[in-house]
Amino acid sequence: MGGKVRRHFAHPPGQAPTGGHGPETVWHITTKHLLAAWARSRPGVDRVRLEQWTEDRDRRADVEVLMRDGTKIALEAQRKLMTDDGWRARHRDYARQGVVDV
């Protein structure tokens with residue numbers, strides 16, 4: 001208590017899931033890496049990065065793909081069921097920043 005804290009990931013204020021969350025599953029980690037490898041093999045791709053925040057730090061894409069023409073694509077590895085409202089909110093956040101979400 002009161003000591004130094006090492007650098008770590010933290011959700012922006014008010015963005016953490018209700019009740020917190022556990023460590024990433026093997027499925028999620030594997031899927032992100034498969035998506036990244038697939039994206040790197042596509043024509044017109046300039047850069048692929050894992051776990052990248054949007055410019056306003058509202059969303060963090062599992063895989064961010066930057067195309068040579070400047071288009072940004074967010075690939076999300078989603079196994080858990082998502083509500084329509086949850087999907088719309090995520091889509092709206094990405095769309096507001098000109099990011100195509102898949």
Listed by chain and number, what are the side-chain contact (heavy atoms from CB on, under 4.5 Å) partners of [X], not counting sequence neighbours?
X     : value
Thr71 : Met67, Asp69, Ile73, Val100
Gln52 : Arg49, Glu64
Gln78 : Lys80, Met82, Arg90

Contacts of type side-chain hydrogen bond (donor to acceptor under 3.5 Å, both in side chains), residue [X], not counting sequence neighbours:
X     : answer
Lys72 : none
His33 : none
Thr54 : Asp56, Gln97
Arg40 : none

Tell me every residue that passes salt bridge (charged side-chain N to carboxylate O under 4.0 Å, His left out) with Asp93, counting only those two or more places apart in sequence or in another chain. Arg59, Arg96
Going by the rule salt bridge (charged side-chain N to carboxylate O under 4.0 Å, His left out), which residues pair with Asp85 if we only count those two or more places apart in sequence or in a different chain? Arg88
Is there any ring pair (Phe, Tyr, Trp, His ring centres under 6.0 Å) pair reaching into residues 70-93, and which pairs are they, with sequence neighbours excluded? Trp87-His91
Rounded to the nearest 0.5 Å, how far apart are [atom1] of [X] and [atom2] of [Y]?
X     : Y     : atom1 : atom2 : answer
Arg47 : Arg68 : CZ    : CZ    : 13.0 Å
Asp62 : Leu35 : CG    : CG    : 8.0 Å
Trp38 : Leu75 : CH2   : CG    : 6.5 Å

According to a hydrophobic-cluster definition based on side-chain heavy atoms being under 4.5 Å apart (Ile, Leu, Val, Met, Phe, Trp, Tyr only), do Leu50 and Val102 belong together? yes
Using a 4.5 Å side-chain heavy-atom cut-off and chaining through intermediate ILVMFWY residues, the residues clustered with Tyr94 come out as Val99
Looking only at non-hydrogen atoms, find the nearest pair between Val45 and Ala39 and report the distance. CG2-O, 3.2 Å
Could you report the tightest heavy-atom contact between Ala61 and Glu76, atom names first, then the distance? CA-OE2, 3.5 Å
Does His28 reach the side chain of Thr31, with side-chain heavy atoms less than 4.5 Å apart? no
